[in-house]
Student: 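Sharing a structure, written as C-alpha cells. Questions coming.
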Protein chains: 2
Amino acid sequence: MNKDKYTDNIQSQMRKGSLEFAILLIISRKKIYAGDILKELKKNKLIVVEGTLYPLLNRLKSSELLSHEWKESKSGPPRKYYDLTSKGKKLLKALLEAWKDLDHSINSLISHYEKNS
Amino acid sequence: MNKDKYTDNIQSQMRKGSLEFAILLIISRKKIYAGDILKELKKNKLIVVEGTLYPLLNRLKSSELLSHEWKESKSGPPRKYYDLTSKGKKLLKALLEAWKDLDHSINSLISHYEKNS
DNA sequence: ATTTTTTACCTTGCTTTACAAAGTACTCTG
DNA sequence: CAGAGTACTTTGTAAAGCAAGGTAAAAAAT
C-alpha cells in the first residue's frame, strides 16, 4: 500500500460514488453524448476520464437505464446520444431520495464536528 | 453482468464513496472502537459491514490518519479505540471542503432537474 | 471446571470498477 | 489521399466492498 497515493485519492473516491447519479441527472435534462457529458461534469468539478465514462455508460445501457441513438455530427464521426429509459427515470427518483438521505446524514455529522472544533 | 444486482447497488455505491469521510467525522468527536463506529454509521443510514470496516480502519491506520490504543472492556475482550492523528485532522479539514464542493455540485444539478420535471 | 455464548478483531476469495494507455474508426481539411 | 481531430472501445492493472469463515478473549451457563 502506497500511503500517499491512498491519502491523495480519498477525495476523488468521495466524488466517484456520486458519479452515476450525476450522470443520470445530466442526461435527464436533454439527450447528450459522452463528450458533452464530460464537459458538464467538469463544469461541476466532477472530474472523470474517458476510460471511466464509456464503460460506465455501457453498464447503464446494459442495465436498461439508458437508451441511445446515433446522430450525425457536423465536425466528425457520429455520436451516441443518450436518453433515460423509464427504468432510468424511476431509478433517478430513487437516487434523489438516497442523495437527500446521505446529504442529511453527512451534514448532521459535520454539524457535530463544527460545534467541537 | 447481473443487471438487477448492478441496479440495486447504485444507491449503496453512492454512500460508500463518503464512507472514509463519515468515519473520520465520527472518530473526530471522541475515541471510539469499531463496534460503536458501526452503530453510529447505522444511526446515520450509512450501512457497512465488518468485512468493509476493519480493512478500511487498517488502511487509515497504515496511512497514519488514525492511531489506536487498546482498552479493557467490561463485557468482553479488549477493544481498539481509534483517534485522529494530526495528519488525519488535516485531511478531515480538506475532506470537509471537498464535501462542500460535491454537495454544491450535486444540489445544483438537482435544482435543474427539479425545475424540469 | 468445562463448555457455550458473546464480543471483538482479522483474513480469504470473489467480484466490481476506476483509470491509464493503446486501439479502432469515422470525417473534415488541405 | 495524408494528417489532424473527434468519438467510441478495449485491455490490463490495482483498489476495495462484501460474504463467509477464522482466531481469540472474556463472560455466562451448565
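Scope of the values below: all heavy atoms of this structure, side chains included, with no hydrogens, waters or symmetry mates. Chain letters run A, B, ... following the sequence lines, proteins first, then strands; residues in each count from 1.
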Student: Select one nucleotide: of D/dA25, D/dT9, D/dC18, the one nearest the side-chain heavy atoms of B/Thr52.
Tutor: D/dC18
Student: Output the rounded distance in Å from NZ (B/Lys80) to C1' (D/dT23).
Tutor: 14 Å
Student: Restricting to non-hydrogen atoms, name the atom on A/Ser108 and the atom on B/Asn44 that form the minimum distance, rounded to 0.1 Å.
Tutor: OG-OD1, 4.2 Å
Student: Given C/dC19, D/dC8, C/dC9, which nucleotide is nearest the side-chain atoms of A/Val48?
Tutor: C/dC19
Student: Pick the nucleotide of DNA chain D nearest each of B/Pro55 and B/Glu50; which residue has the one closer to the 5' end?
Tutor: B/Pro55
Student: Mind calculating the distance between CG (B/Leu19) and P (D/dA16) to the nearest angstrom?
Tutor: 12 Å
Student: What is the distance, to the nearest angstrom, from the CD atom on B/Glu20 to the C1' atom on D/dG17?
Tutor: 11 Å
Student: For A/Tyr81 versus A/Lys71, what's the shortest heavy-atom pair and its separation?
Tutor: CD1-CB, 3.7 Å
Student: More 5' along DNA chain D: B/Gly51 or A/Arg79, using each one's nearest nucleotide?
Tutor: A/Arg79
Student: Hey, is A/Lys100 close enough to A/Asp103 for a salt bridge, meaning N to O under 4.0 Å?
Tutor: no
Student: Just how far, in rounded Å, is P of D/dG17 from CG of B/Leu41?
Tutor: 12 Å
Student: With a 4.0 Å limit, can you tell me whether A/Tyr33 has a side-chain N or O closer than that to the phosphate oxygens OP1/OP2 of D/dA7?
Tutor: yes
Student: Take B/Tyr82 and A/Leu53, find for each the nucleotide of DNA chain C with the closest heavy atom, and name the residue whose nucleotide sits nearer the 5' end.
Tutor: B/Tyr82
Student: If you compare every side-chain N and O of A/Arg59 against the phosphate oxygens of C/dT15 (OP1, OP2), does one of them come in below 4.0 Å?
Tutor: no
Student: Between A/Val49 and A/Glu72, which residue's closest nucleotide on DNA chain C lies nearer the 5′ terminus?
Tutor: A/Val49
Student: Would you kindly give the CG-to-P distance between B/Leu38 and D/dG17, to the nearest whole Å?
Tutor: 13 Å
Student: Name the residue from A/Tyr54, A/Tyr33, A/Tyr82 that meets the ring pair (Phe, Tyr, Trp, His ring centres under 6.0 Å) definition with A/His68.
Tutor: A/Tyr82
Student: Which atoms form the tightest heavy-atom contact between B/Leu66 and B/Lys61, and what is the distance?
Tutor: O-CD, 3.3 Å
Student: Side chain of B/Leu56 only, please: which of D/dC18, D/dG17, D/dT9 is the nearest?
Tutor: D/dG17
Student: Within less than 4.0 Å of OP1 or OP2 of C/dC28, is there a side-chain N or O belonging to A/Ser75?
Tutor: no
Student: How many Å lie between CD1 on A/Ile32 and P on D/dC8, as a whole number?
Tutor: 11 Å
Student: Please check the phosphate of D/dT9 (OP1 and OP2 only) for any side-chain N or O of A/Tyr54 closer than 4.0 Å.
Tutor: no
Student: Whole-Å distance between D/dC8 C1' and A/Asp36 CG?
Tutor: 14 Å
Student: OP1 or OP2 of D/dA27 sitting under 4.0 Å from any side-chain N/O of B/Lys74?
Tutor: no
Student: Could you give the CG-to-C1' distance, from B/Leu57 to D/dG17, as a whole number of Å?
Tutor: 14 Å
